[in-house]
2 protein chains.
Amino acid sequence: MSYYKKIIQDYISNNKESAIDLLKQLVMENSVSGNESRAQALVLEKLRELDMDLDVWEPDIEELQDNPYFISTRENFKGSPNIVATLKGTSGGKSMILNGHIDVVPEGNIQQWTYPPYSATVKDNKLYGRGATDMKGGNVSLILAMEAIKNSGITLKGNVYFQSVIEEESGGAGTLATILRGYTADGVIIPEPTNMKFFIKQQGSMWFRLKVKGKVAHGGTRYEGVSAIEKSMLIIQQIQKLEQIRNERIEDPLYDGVPIPIPINLGTIHGGTWPSSVSDLVILEGRFGVAPSERLEDAKEEFENWIKEVKNLDNWFVDNPVEVEWFGARWVPGSVEADSELVQTLQRNYSQITNQNPVIEAAPWGTDGGLFSQVLEIPMIVFGPGETKVAHYPDEYIDLDQMFLAAEIIACTLIDWCGVQDQNVGEGAYENKEVL
Amino acid sequence: MSYYKKIIQDYISNNKESAIDLLKQLVMENSVSGNESRAQALVLEKLRELDMDLDVWEPDIEELQDNPYFISTRENFKGSPNIVATLKGTSGGKSMILNGHIDVVPEGNIQQWTYPPYSATVKDNKLYGRGATDMKGGNVSLILAMEAIKNSGITLKGNVYFQSVIEEESGGAGTLATILRGYTADGVIIPEPTNMKFFIKQQGSMWFRLKVKGKVAHGGTRYEGVSAIEKSMLIIQQIQKLEQIRNERIEDPLYDGVPIPIPINLGTIHGGTWPSSVSDLVILEGRFGVAPSERLEDAKEEFENWIKEVKNLDNWFVDNPVEVEWFGARWVPGSVEADSELVQTLQRNYSQITNQNPVIEAAPWGTDGGLFSQVLEIPMIVFGPGETKVAHYPDEYIDLDQMFLAAEIIACTLIDWCGVQDQNVGEGAYENKEVL
């Protein structure tokens with residue numbers, strides 16, 4: 001282990017409490033979409049302590065909305081600032097973007113939580129709360145990694161851009177805004193909760209809305225109407241079939257352990273206005289998974305054509321076609337080669353620190369990483385602390401040891417990737433400065 | 001045809017315009033539950049012209065709520081008056097209640113209406129609008145019947161009670177209030193839209209609510225959750241099976257032409273909170289049809305047990321049973337014997353006036369008539385103008401000629417039933433006073 005990496009390890013080991021405090025404060029601020037400002041204020045306070053160059057702005061929807069990758073359900077981003085903090089390098093090294101989102105999904109049914117979702121309760125070295133794992137824990141890993149470098153007096157050659165962005169849970173408008181503002185780099189790490197696995201491919205997704213029509217009638221003579229609820233059942237079955245067909249096509253061994261690599265999730269259903277009337281409209285909303293290598297447009301077309309086909313199963317749909325609408329959130333799929341320098345560098349540090357090889361998988365969900373892959377076309381990897389399966393669930397938690405481990409691996413990767421200034425020669429030279 | 005009946009016929013023939021005007025005004029007042037007062041004011045104005053004894057009151061929910069037949073979603077009936085107008089007989093005749101409800105169901109999707117629902121547009125001798133057939137047209141038939149008797153100088157022996165009640169569409173609290181206030185009679189006619197058929201039996205119904213549980217998860221790993229939407233599909237199929245079983249039991253030949261004598265209508269479905277989360281709750285609401293001879297309690301028990309049985313089809317329901325709740329509206333089933341004096345008297349007048357025998361059927365829906373059948377245990381028949389199938393639909397309309405025909409048949413039935421005062425002997429004697 002290099003001299004610098006030992007310093008990093010020691011720093012993190014000696015500064016766990018303040019990192020836990022930061023995470024607690026972040027989790028206690030419910031930062032659902034539209035409500036991110038107080039959590040961002042906490043992030044800013046921390047970044048100011050690190051003396052980084054700060055760029056704080058509310059993304060301008062007017063500037064974003066003509067971009068084909070822009071999607072949002074919001075009318076503006078007033079009160080929802082993006083932050084990019086730059087740890088400036090001396091020059092000559094590769095640059096890195098460290099990207100994490102500050103927004104969280106709603107807590108859902110509060111009855112299902114053991115501890116209140118914004119209490120940030122710590123128990124058995126786990127911190128519980130909405131956003132703990134998705135992804136305030138990952139954000140703290142990033143901040144702690146930079147803090148360890150900075151406060152240990154290590155000067156990097158390449159720039160590090162820490163991005164605390166809004167709107168990841170609703171389609172990535174925050175990260176897109178950083179790209180349109182001109183931020184780019186030679187690589188990107190996104191510490192979404194992979195449970196320390198390397199997600200080198202990621203599922204994309206789009207939200208859809210289906211309007212299934214019926215014909216109203218009195219419930220007592222319901223045979224004179226056509227129930228949109230009954231017709232919806234056929235549509236749901238069709239969607240289940242399409243999901244099966246699409247997933248049978250996925251042959252990438254990275255998806256071997258994943259029951260449904262690209263799921264179609266029906267998330268909401270709303271129909272009918274009166275218990276004793278036949279419903280004439282049901283609205284279904286869901287999330288359509290897109291394969292890492294699939295074009296969004298192709299995925300849309302397949303879904304739309306499939307839904308049109310129901311007219312061959314039920315004549316009702318000939319004159320009453322189901323309307324398909326794409327709305328709200330959308331995540332661009334993404335991928336990076338396993339033998340790319342970014343993956344190799346992260347992998348080397350992971351193995352040195354943990355004495356194990358990382359598990360490399362394809363992600364069952366999208367992240368803002370797709371935007372870096374497809375808009376900027378720069379290498380991007382998703383790797384972070386926290387269990388994927390607790391994200392968006394009640395009793396979401398993060399294992400604090402994983403958070404510190406991720407911070408160490410990322411800090412050491414930055415040292416390799418960006419290079420350290422006060423060395424005689426180029427990259428890797430400091431590897432000789434072994435610890436006693 | 002008797003002298004009096006010819007007078008009635010002539011009166012109605014000469015006073016169609018004012019009756020159409022009254023119906024227009026009534027339809028133009030949207031009188032959904034909670035909004036009945038202006039329509040009732042129009043009724044009152046008309047009844048005052050007829051110099052009837054008026055009883056106008058807002059039912060007191062405190063007095064009603066302990067009655068086992070009471071059901072309502074409202075907290076009080078402020079601003080929603082009931083009206084009972086008495087056409088006092090001289091004595092010695094049988095009395096009759098003429099019952100009609102003033103409340104209407106909401107207009108639904110306004111795009112589906114050819115004419116605006118509260119415009120009361122007349123075209124090809126049909127008047128279009130919400131409530132035209134269900135049942136303001138029937139109410140105008142009743143008022144016109146009484147007006148013809150009164151303004152023709154005919155004095156009845158028995159009392160006629162005209163009831164313009166609230167809340168029929170939500171379970172009958174208005175009619176129950178008339179019963180608890182002491183109103184009763186020897187017979188009841190309710191001119192709901194039967195398209196001039198005699199409905200001597202009627203389906204009862206109750207509203208139910210089902211809570212189907214799931215387990216939340218991120219949509220990208222939806223296989224880690226349990227979709228309440230998918231589980232609801234099984235519940236819907238189960239309900240369809242129960243509907244089939246219950247209807248196979250119905251052997252009454254009166255239901256021969258009815259595809260589903262006692263339907264179970266699933267009217268609303270609401271579930272999920274986020275397109276990319278697995279939904280953990282779906283709420284289904286509907287209307288459970290009850291056979292004319294069935295006890296409400298037995299019907300409830302069968303449904304609840306059937307829903308419990310789903311645990312044998314899917315283990316999920318063992319630990320996550322579907323909750324069943326009975327709420328909102330409920331209509332008591334009812335029936336009257338075909339050879340009862342009420343049915344026979346109405347039938348004789350129907351045949352004399354139309355030169356045809358009436359079609360006698362069982363109603364596919366409930367009315368306030370069940371309360372007269374089961375609470376007061378007095379003979380009650382549902383017979384009125386307007387097509388059943390347009391009730392609760394867009395483009396609801398009433399055939400104006402049917403409205404006048406119903407008024408004539410009902411007026412003539414009152415003459416027979418209540419008796420006319422200025423005759424030498426008892427009932428039927430005036431039949432000798434033939435028209436020249």
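Remember, predicted model here, so these are calculated numbers, not experimental data. Here is the naming used below: chain letters follow the sequence lines, and residue numbers restart at 1 for every chain.
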Which atoms of [X] come close to chain A, meaning under 4.5 Å heavy atom to heavy atom: side chain ones, backbone ones, both, or neither?
| X | result |
| --- | --- |
| B/Ala391 | backbone |
| B/Glu224 | both |
| B/Ser276 | both |
| B/Glu243 | side chain |
| B/Asp134 | neither |

Quiz item: Quick one: of B/Thr221, B/Val278, B/Leu266, who has the most non-hydrogen atom pairs under 4.5 Å with chain A?
Solution: B/Val278
Self-check item: Options B/Ser279, B/Gly271, B/Gly272, ranked by heavy-atom pairs under 4.5 Å with chain A, top entry
Solution: B/Gly271
What distance do [X] atom [atom1] and [Y] atom [atom2] have between them, rounded to the nearest 0.5 Å?
| X | Y | atom1 | atom2 | answer |
| --- | --- | --- | --- | --- |
| B/Gln237 | A/Glu230 | CD | CD | 10.5 Å |
| B/Ile229 | A/Leu284 | CD1 | CG | 7.0 Å |
| B/Ile283 | A/Ile269 | CD1 | CD1 | 13.0 Å |
| A/Ile236 | B/Ser227 | CD1 | OG | 7.5 Å |

Self-check item: Considering all heavy atoms, the nearest B/Val258-A/Tyr223 contact
Solution: CG1-OH, 3.2 Å
Quiz item: Do you know the tightest heavy-atom contact between B/Gly225 and A/Tyr393?
Solution: N-OH, 4.0 Å
Quiz item: Where does A/Leu281 contact chain B at under 4.5 Å (heavy atoms): side chain, backbone, both or neither?
Solution: neither
Quiz item: Short question: side chain of A/Asn265, backbone of B/Ser277 - any donor-acceptor pair under 3.5 Å?
Solution: yes
Quiz prompt | Heavy-atom pair count under 4.5 Å with chain B, highest-scoring of A/Pro275, A/Gly220, A/Gly267 | solution = A/Pro275
Quiz prompt | Interface residue of largest heavy-atom contact number with chain B, from A/Pro259, A/Pro261, A/Gly328, A/Pro263, under 4.5 Å | solution = A/Pro259
Quiz item: Should the ring pair B/Trp207 and A/Trp274 be called parallel, tilted or perpendicular, given that the plane angle runs from 0 to 90° and is split at 30 and 60?
Solution: perpendicular
Exercise. Provide the full list of side chain to side chain donor-acceptor pair (under 3.5 Å) pairs with a residue in residues 209-218 of chain B, sequence neighbours left out, each pair given once.
Key: B/Arg209-B/Glu285, B/Arg209-B/Glu325, B/Lys213-B/Glu323
Self-check item: A/Lys389, NZ atom: more than 12 neighbouring heavy atoms under 6.0 Å
Solution: no
Quiz item: Does the side chain of B/Pro394 come within less than 4.5 Å of A/Val216's, by heavy atoms?
Solution: yes
Self-check item: Evaluation steps, side-chain contact (heavy atoms from CB on, under 4.5 Å), between B/Arg287 and A/Arg222
Solution: CA-CA 10 Å; B/Arg287 173 193 183 281; A/Arg222 73 173 195 82; over 6 Å; no
